[in-house]
Each structure stands twice: as structure tokens, then as C-alpha cells.
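Notes for the one structure printed next.
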Amino acid sequence: MIVGCVGAGKSTLLKRLQKRSLDELKQIQSTVGLEVHEDIFEIAPESDCLKDLPVDTDKEGKQLLSILDFGGQCAYYACHQVYLSRRALYLLVINMSKRFDEKVDPLLCEQEGTMFTDWSYGEYMLFWLKSVHTYCDNDAPVIIVGTHLDQAVGQNSNILFNSILDYLQFDKHLKTHLDRNRCFVLGFKSDGSPFQDTLTNLEKCMVSIAKQDRWKETIPTDWALSEVVLRELRGQRKRMASVTELSIRCFGGNEEKYTQIRDILKFYHDIGVILHFDEGSLAETVIIDIQWFVDSFKNIITDPNHIRDNIDNHSDWRDFNENGHIQDILLTKLWGSQKFEINLRDKNDLLHYMERLGLIFIGPQAHYIPCMNKRSFATQQQNDLQSIQNKTSVMVFRFPFLPYFIYFRLIVACLTSREWRFPRDERLSLYKNLACFVYKNHTVALAVNEYSIQLQVFQRQKDPISKTVTLEIRDDIERLLNDLTCNFHKKITYTVGFQCSKQEVFREHDDCFVEETKIHGKGKQTCPIHEAENHHILRKSNLLYYWNKDVRDGPTNLSVVLSESDLLKFNKMIGSDMELIATCLGLSEVEMDRLKMENPTSMSNVVQKILLTWKRKRGPTATLENLEKSLQDAERDTTASVDWSVINRAKEDILKERNELMQ
């Protein structure tokens, strides 16, 4: 598989391996989506190099190599992740004329408004290495191919490899995929001739890996006929076939052998030759033309400049290009304008395969394609969500590396489940980085960040949050995540935990993730990750009550409105940073100047007045929870320092008093 950032020279590399002429190389255009080149090379036994194989060549008894050329544009990565496999070797193509810290042109990579906005060339290299590491074995072989040698003064394979090792200093596990002897550099001089060409050495390296025992699998002799059958069907321009038809073609009237067909299909699915899921409504249908499937998705999310003249309703296209919602009539027109051949029955099967892979959610008149959603969950939406008082803690599913498209697949999987549904305005509930659902009258927020998927449940009504419902939600999400990550490398998994203090589902807080297994004991405990700095107390009931059936006591009520006497308990918490913190509590410079003038000799009085002004402005939302959140924001967003020992003592006293009053 040839992977790398857009413009690196992946397609040119493939054509060079095919020994194409310089004129042909000059006419190469950037790959859009994914191009499948099945059995295009024979391993020449006499030279251990690659021999270009014409389409009509007899392939009996030959050692063959197929190539998948991955397009570098971001939107198509949703399709690429389907084909990453432990049964492949990878050519990672790197443009040596670009520094690793240099930002990729957003227009070149079509990343504007996507999860990949402002990524650098180095981050794309990491993305591909981490993708290989996640979906394959620990030592899955990656060959580095540096290109544009003519524009990279002083570069050679050793310098390139050393720079990669330096860049990976904090990701040492990725180095297991690399080897200095698997690093090559290529380029052309101004006259069009190649530099001291290492192409032959690259071919020999590919062949040596392809001949390793790791790839050898023994399959029954009967299965060989199935490959011939698939090739014949593709030659007849068939895109799909039924399992029954394949059984008859492969085994004729020998019905006893029909039971083998599903094992055959699983093998070919695993090596990327076909698509087949032996489940539900998909069990009887096989997609036998992978390129056709890829093109079907590619033609939906095509560049708007290519399609503008072929559609009647530009607002529908704009809508789709911004939030991922596509009218079925527009989808049909897009396929028609690209001369994409499809009938109604094939369309239904095709869409269901896309839905199974998390590429699309099928609706009655309109569908949703997550990778096209560019809407951010902005400040206004964040404030609206945070203003809901009745909510759970934030559960965090943290990954060592999180392919964003796992999140997209999770959203589609939720939408296809019976209990999950959109709020009334479905367009306002789906963003590129967060989705809001309704589950049994509870609002559920699922958000994605760099390393985590985060979950929080809200109750907008006055009704209490049902623990039965939150436990169902957790079970559902964990079941879906386990299904979606089942083809990850066996040592790559996620860790379940919680935000220990911040409680913002839409924002990842690296400094407040505490693993579930480290929250123990009854009542309270010192936060295991804040024992020294920002010391605070964890209450097991506050974090785990809604998510763990064994936790009996309900969460401590932090939503009580603070009284003036309550605020006296916080007087010593701020110290010399009171002006910075006052700003985060909503006070203006004019208000601060007035308070200092009125209380020139007493800092304690100034602090008290700050808190009273905050209470007056917040009214019924001047709660213990919101005060704590504002102070956390002040520490995060400014250089202010808060004395958390004072905060925690004040909280204990206030909650104790409230409990005594209730009794």
C-alpha cells in the first residue's frame, strides 16, 4: 500500500515502478480517493525485481503483487481506513523538500474546516505510521521513500532516516516499523534524468519482504477456482454477486462444498480483494469490484468545483458540503453526473455496505456523511450545554492513537441503533467534533478529541437522570467501540476513565484524566494525578454513580446556590492573583478599580466583594459547581494560582452544612 501526504509523489512512484516513460510521468495527476491495482506486478524469479504485468497475462503459477494507491486528500481517509491490514507492506512516501514542521496548504489537502486543519507534514507522517501501528502487527514493515530529491539540497537516505527518528523521539513504539535499510530517496535532475537511482534497490527490498514467511498461508486447492470466477465476473463488468451465485460457479452441483464459500469470502475480504460481511441483510451480497465501491464513495464527496455545473440546487450542495447532510435526490444526481453506473437494487445494497463501514447513515429522504461535516461545536453551543445543571460526570475513552474515523463510525452505529435518535433539529445536533442524541428522553453528548472519545448525559427537564438509562448508554457505547476496534492490533486498546475536575465533554483535558481503576474506596480520596499540584479531593459517588452499578450513593449536590455566608469561606483562596481571577469571574477593569479604591487596606474585603459581585451577576447559577469551574478556567487560561486546599475545605464545610439542614 502506498500512503503519504498529498503531493508527495505516490502515483509517480507507482508509475516509475511500472517503468513508464518520462512523458507519461509528466502527465500524472493526483490520485483522488483510492486506486486499486490488482496483480499488476510479477516477482521476477531471475532478478528478484518487479515485472510489470499486462492485464491479459496468464497469472497461473506466478508470484503476484497488488498495489493500493491512497489519495492524500483528507476527506477520502474515511474510505482508506477500511483497507489497512496486517496482510500488507507499506510504502510511506515523504516529500523531502518540505520540513516536518511546515504546515500543509489547506487547499492542497482539502483540510479546511476538517479535523486535519493546520496539520504539518510531520503530523501526516505520524498519522500514517500510527495508522499502520494501530491496524497491523507491532513489526508491520514500512518502507520509507523520500521524493523530490532535486529540491532537497544535501539530503540522502541516512539524513532522511535520522530526521524521522528525531521526529519520533516521543513515539518510540513506531520505530519498530522502520529500518535504515528500508529507506530510499528518489528524484529527477533538471534534464529529466534520475539521480543515482535506487529504484532497483527499492524493488529488491519490496520483493524480499513479500517473500517472508509471515505472508505464507496454506489454502485448500478448491479455493483457487474462486479467484478465476471473481476475475471472470469482473471481466463481465459485474460489481456485485450473490453468495448463492458464487457457490454455484465455484462448486457446480456439489452442494456439500457450498459451506466453504463463506470461509473463502472471509479470506478474500481480509486481503482486500472483495467486501463481504456475513451478517444480517448483507450476508447474501458480495461486492466483488473494490474499485467500483471506492469510486461510488469518491463520487459523492467529490470536489465542489467539479460538480457545480451538473446540479440544479446549489444550496443543497452547499448544505451537504458544510454539514454532511445530503438529499437522496442530490446523491443520485451526483452519481449520474459522474456517469457512475448503478441501478436501484445495487444502490440499496451499496448504501448499506457504506453504512456498515461507517461512511454514511441512511435516512428516508436524506442521508448523513460524517466526514463531510465541517461545523465546529462553538462557544455558544458550549455555553448552552454547560448551563444544564442536571448532568453526569464526563466519561472518557482514551486511546494511545485515535483514528478520527472510528468516531465517525461510532456516530453512524449509534444512529442505526433503535433507541438512539436525533433531537428535533438534527442539523444542530451534529458537528464535526461532537454529536448530541436523545436516548430515552435523556440528552447524550459524544465528542472526539485528539486522543479520546468523551461521553456525558444531561437531563434538560426537571426529571432526575435515570441511572438505569446511563448504564444502558455506557453498555451500548462500549459494545459499539469493542466492535469497531476489533481489527486493531491486539495490544492497541482504549482506557476508560473520567475527567476528575473540569467536566467539559467538548474539550479534552490531558491534565485531568483519571483511570476508572484508580478511583477506589468509599467517600472521598485524594485525586491520584493531582497529589502535589492542584491538589483536590475525588468523590467516588460524583464520578462513578451513574456509570457503575456497584456505586450505591448518589452524587454530592454541587449545584446548590451559594449564599453570602458561604462565600466568606473562600476569602483566602486567591491571594495576589485576584485581578486575573476576577476577570474570569466576569468582573470588568472598572469594577476592579472601584473595589480596590473602596478597600485600599484589606485584600480580604476585596476578595469578598469580588465574589459577591460574581454572585450578583450569576443570580441562580451562582453555584458551587460554577464557581469551581470558573476558578479552574482561570488557572488554565491565565497565570493565576488558586489555593485549592482552601477551596476543598470550603466545599466540605458547605456540603456538610447542606446535608445537616436536609436531615
Side-chain angles (χ1 to χ4, degrees), residues 32-36 38 68 70-71 75-83 229-230 233-246 261-262 265-266 268-303 306-307 310-311 316-317 320 324-373 405 408-409 411-413 415-416 484:
V32 177
L34 170 70
E35 290 186 359
V36 181
E38 191 175 336
L68 271 68
F70 283 49
Y76 302 109
Y77 290 179
C79 201
H80 293 173
Q81 46 89 24
V82 175
Y83 301 99
V229 169
L230 288 172
L233 290 172
R234 291 191 194 109
Q236 298 166 12
R237 298 180 62 80
K238 288 205 70 169
R239 315 303 190 187
M240 297 181 178
S242 69
V243 173
T244 302
E245 178 185 5
L246 290 173
I261 196 66
R262 298 193 184 276
L265 295 176
K266 184 179 186 309
Y268 282 129
H269 174 91
D270 287 346
I271 64 174
V273 173
I274 62 157
L275 275 177
H276 178 248
F277 293 101
D278 191 12
E279 57 193 44
S281 61
L282 301 177
E284 182 59 20
T285 304
V286 184
I287 294 180
I288 60 175
D289 188 338
I290 291 288
Q291 186 66 64
W292 174 78
F293 176 78
V294 172
D295 288 344
S296 69
F297 186 66
K298 180 173 70 178
N299 288 338
I300 299 174
I301 63 173
T302 188
D303 185 330
H306 299 162
I307 204 67
N310 297 311
I311 57 176
D316 278 355
W317 169 259
F320 168 50
H325 292 267
I326 184 169
Q327 299 296 320
D328 187 72
I329 190 170
L330 174 59
L331 182 147
T332 303
K333 285 183 178 179
L334 289 176
W335 275 337
S337 67
Q338 299 291 314
K339 297 182 172 56
F340 183 72
E341 302 173 10
I342 190 165
N343 57 46
L344 182 59
R345 179 178 176 181
D346 284 352
K347 175 183 173 182
N348 290 334
D349 289 337
L350 181 59
L351 288 177
H352 279 96
Y353 260 92
M354 287 184 180
E355 188 172 67
R356 173 61 178 80
L357 292 168
L359 302 175
I360 189 171
F361 167 66
I362 306 170
Q365 278 103 27
H367 317 298
Y368 176 59
I369 299 180
C371 72
M372 291 295 286
N373 194 339
F405 301 101
F408 293 155
R409 294 180 70 179
I411 297 306
V412 171
L415 291 171
T416 56
L484 295 174

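- Contact check for Asn373 versus Tyr368: side-chain heavy atoms found under the 4.5 Å cut-off.
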Check the pair Trp335, Ile300 against side-chain contact (heavy atoms from CB on, under 4.5 Å), reporting the backbone distance first and the verdict last.
CA-CA 7 Å; Trp335 275 337; Ile300 299 174; 3.6 Å; yes
Before you tell me yes or no, could you show the steps for Leu265 and Val243 under side-chain contact (heavy atoms from CB on, under 4.5 Å), namely the whole-Å CA-CA distance, both residues' side-chain angles and the distance that decides it to 0.1 Å?
CA-CA 9 Å; Leu265 295 176; Val243 173; 3.9 Å; yes
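- Centroid-to-centroid, the aromatic rings of His276 and Tyr268 stay 6.0 Å apart or farther.
- Looking only at side-chain heavy atoms (C-beta outward), Ile326 and Leu334 come within less than 4.5 Å of each other.
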Before you tell me yes or no, could you show the steps for Leu233 and Leu246 under side-chain contact (heavy atoms from CB on, under 4.5 Å), namely the whole-Å CA-CA distance, both residues' side-chain angles and the distance that decides it to 0.1 Å?
CA-CA 10 Å; Leu233 290 172; Leu246 290 173; 3.6 Å; yes
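- Separation of atoms CG (Asp289) and CZ (Arg237) is listed at 9.0 Å; rounding is to 0.5 Å.
- Taking NE2 of His325 as the start and CG of Asp316 as the end, the distance is 12.5 Å to the nearest 0.5 Å.
- Taking both residues in full, the closest heavy atoms of Leu230 and Val273 are given as CD1-CG1, 4.4 Å, listed atom of the first, atom of the second, then distance.
- Side-chain contact between Glu245 and Lys238 is present, with heavy atoms from C-beta onward closer than 4.5 Å.
- In this structure, Arg409 contributes its side chain and Leu357 its backbone to a donor-acceptor pair below 3.5 Å.
- In this structure a side-chain-to-backbone donor-acceptor pair under 3.5 Å is missing from Thr285 to Leu282.
- For the residue pair Glu284 and Thr244, a side-chain donor N or O sits within less than 3.5 Å of a side-chain acceptor on the partner.
- Taking the side chain as every heavy atom from C-beta outward, Asp346 and Met240 approach each other to under 4.5 Å.
- Nearest heavy-atom pair across Cys371 and Phe408 is CA-CE1, 3.8 Å.
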Worked check of side-chain contact (heavy atoms from CB on, under 4.5 Å) between Tyr353 and Asn348:
CA-CA 9 Å; Tyr353 260 92; Asn348 290 334; over 6 Å; no
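- Other residues, nucleotides and ligands place no more than 12 heavy atoms under 6.0 Å from the CD atom of Gln365.
- Taking 4.5 Å as the limit, every side-chain heavy atom of Phe293 sits out of range of all side-chain heavy atoms of Ile288.
- Taken to the nearest 0.5 Å, the NZ atom of Lys333 stands 11.5 Å off from the CG atom of Asp328.
- Ile360 and His367 make their closest contact through CD1-CB, 3.7 Å (heavy atoms, listed as atom of the first residue, atom of the second, distance).
- Looking at Arg239, its side chain never comes within 3.5 Å of a backbone N or O of Ile290 through a donor-acceptor pair.
- Distance alone, capped at 3.5 Å, is enough to place a donor-acceptor pair between the Glu355 side chain and the Ile362 backbone.
- Side chain of Arg356 to backbone of Phe277: no donor-acceptor contact under 3.5 angstrom is found.
- Contact annotation: the side chain of Leu350 never approaches that of Lys347 to less than 4.5 Å [non-hydrogen atoms, C-beta and beyond].
- In this structure the side chain of Phe320 never reaches within 4.5 angstrom of the side chain of Gln327, judged on heavy atoms.
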